[in-house]
Number of protein chains: 2
Amino acid sequence: MANGGKRQARKIPEATVSRLPLYLRSLLEVANDGMPTISSERLAEMSGVNAAKVRKDLSYLGSYGTRGVGYDVEYLLFQMSRELGLTHDWHVVIAGIGNLGHALANYAGFHERGFPIAALVDADPRVIGTEVNGIPVRHIDELPAVAAIHQIAIGIIATPASAAQEVADRMIAAGVSSILNFAPTILSVPPDVSLRKVDLAVELQILSFYQQRKTATDRVAHVAADAAPPAT
Amino acid sequence: MANGGKRQARKIPEATVSRLPLYLRSLLEVANDGMPTISSERLAEMSGVNAAKVRKDLSYLGSYGTRGVGYDVEYLLFQMSRELGLTHDWHVVIAGIGNLGHALANYAGFHERGFPIAALVDADPRVIGTEVNGIPVRHIDELPAVAAIHQIAIGIIATPASAAQEVADRMIAAGVSSILNFAPTILSVPPDVSLRKVDLAVELQILSFYQQRKTATDRVAHVAADAAPPAT
DNA sequence: CTTTGTGAACGGATTCACAGCT
DNA sequence: AGCTGTGAATCCGTTCACAAAG
């Protein structure tokens, strides 16, 4: 009776949440190979983390392992899918059908992993009415209707930076409450809306930082504008 | 003389490094508007972080601000570009010219921000010889030659997961020492190679976790396979 | 008086190491 | 004996708050 009416909502740390999808992927692979159980050690290796972290992370979901044995793959898969909200598909809308939006609309990985693209919207009359991957591009003014019909809770922004905030506002007005932003700009959203961002150029800039420290170990301030000398 | 021959390599925390590109973006915007200086407060707001963090982060680069005034925009831009290794362009190779690779090859943001795409490689004979954005797709066997000619240090992997590790190995053998991986798989690379990953579906799965907690506040274990009920 | 730069306090995440269960 | 689950220790990053500088 200790845990009666109210389901205890365990507080899962953000860092753990962002690793759960990695574990899920590894588990799917293992399940495919027919392995019935898996140790934290092996799961860690497959997911690119260390074993202690895996155990701690999984312990936030509950005590689903068996000491001396490991974790039951199917059971853990089920629990993890449930926790991640992946027991049903999430329909997604993509706004901005330029290069990137186009590619995202064609990307099979979304559908495969439970995020079918239900709708595409743009503001440019030249692309409206065209189809990408069998999905017609609608005008962004139709977003409220489209979102309601398809029960869309998750939106992807692939517009130019200049349009992104406006598009985000309209998505939110249309009932979208989770947004993945690819536009290179900071968005502000109300606290009840989840926002994640992926900035492709930023990733390269971060790599550049470390790369630079490798190749330019012992130069002083001297900044050369021309190409770096070839490595031996 | 305390800081003589050896340039003191300040140890910049990873978290800070990953924010520098955001500051850089904000600074470019501010410079464009002709503002001569900027306060940590304003820079923070534009970059979506808080002011104390901005000051701490910038302090790792050096004491480039003026108390009572703020930071000189141009000077800070210069220092930050230098620190990030963005005083020259970095030529990039993309491996895997499917949907995603195609889009990345067309993405103008890379070139604009100092990462021109110098080469494209794939293994599929059907795409080899075609051009994307004016760049010919070469066979991956030519990677060593291509990488050497263009002095490529940074590679992007946009292949299917099954090919990614092999491609990474070949890139590294060809002298690439920073990799951005879009394939949904864990790569192992030697410690001197920098690796970052972007998994598009994982981002959506993380959003799904939080989204699920919003819409499914008070159900117990009861997992329904059909669509969620409409709000209100 | 304004705003930086930074020690100090705090909090979250990772790792350690071992008790507890099978 | 083998492996999980978890307190305790540690590390890293964030925030606070104020002295120092203009």
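Protein chains get the first letters and strands the later ones, always in sequence-line order, with residue 1 at the start of each.
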Q | salt bridge (charged side-chain N to carboxylate O under 4.0 Å, His left out) partners for B:E112, two or more places apart | A | none

Q. Should A:R19 and A:E14 count as an ion pair when the cut-off is N to O under 4.0 Å?
A. no

Q: Please list residues of residues 39-48 of chain A whose heavy atoms come under 4.0 Å from any atom in DNA chain C, ordered by number; otherwise none.
A: none

(Q) Let me check the geometry of the helix from C:dC1-D:dG22 to C:dT22-D:dA1. What is the bend angle between the axes at its two ends, five pairs each, to 10°? (A) 0°

Q) So, A:S18 side chain and A:A15 main chain: donor-acceptor pair closer than 3.5 Å or not? A) yes

Q.
Rounded to whole Å, how long is the line connecting atom CG of A:L61 with atom C1' of D:dT4?
A. 14 Å

Q: Please work out whether the ring planes of B:W90 and B:H88 are parallel, tilted or perpendicular, with thresholds of 30° and 60°.
A: tilted

Q. Are side-chain heavy atoms of B:I157 and B:F182 found at a separation under 4.5 Å?
A. no

Q.
Just to verify, what does B:R67 make a salt bridge (charged side-chain N to carboxylate O under 4.0 Å, His left out) with, not counting sequence neighbours?
A. none

Q. What residues, two or more places apart in sequence or in another chain, satisfy side chain to side chain donor-acceptor pair (under 3.5 Å) together with A:D169?
A. A:Q165

Q. What pairs with B:Q79 under side chain to side chain donor-acceptor pair (under 3.5 Å), at least two apart in sequence or on another chain?
A. B:Y64, B:Y75, B:R82

**Q.** Polar contact flag, side-chain donor to acceptor under 3.5 angstrom, A:S47-A:S26
**A.** yes

Q: Mark up nucleotides 16-22 of chain D, 5' to 3', with B wherever a protein heavy atom is under 4.0 angstrom from a base atom, S wherever such an atom reaches only the sugar-phosphate, and - elsewhere.
A: -B-BBBS

Q | Results of side chain to side chain donor-acceptor pair (under 3.5 Å) for A:D199 - residues two or more places apart only | A | B:R25, B:R113

Q) With a non-hydrogen cut-off below 4.0 angstrom, is B:Y64 in contact with a base, only sugar-phosphate, or nothing? A) sugar-phosphate

Q. Does a side-chain heavy-atom distance below 4.5 Å link A:I12 with B:F209?
A. yes

Q | Contact nearer the 5' end of DNA chain C, comparing B:L58 with A:Y60 | A | B:L58

(Q) Looking at B:S40 and B:V54, would you say the former's side chain and the latter's main chain have a donor-acceptor pair under 3.5 Å? (A) no

Q | Interface limits on DNA chain C, where chain B has a heavy atom under 4.0 Å of a nucleotide atom | A | C:dT2 to C:dA8

Q: Mind jotting down which residue pairs meet the salt bridge (Lys or Arg N to Asp or Glu O under 4.0 Å) criterion with at least one end in residues 183-197 of chain B? Sequence neighbours excluded, please.
A: A:E203-B:R196

**Q.** Interface residues of residues 18-33 of chain B with DNA chain C (non-hydrogen, below 4.0 angstrom)
**A.** none

(Q) For the NZ atom of B:K53 and the CG atom of B:L58, what is their distance to the nearest 0.5 Å? (A) 13.0 Å

(Q) Can you list everything that forms a side chain to side chain donor-acceptor pair (under 3.5 Å) with A:T16? Sequence neighbours excluded, please. (A) A:D57

Q: Calculate the interatomic distance between A:D57 atom CG and D:dT6 atom C1'; express it in whole Å.
A: 13 Å

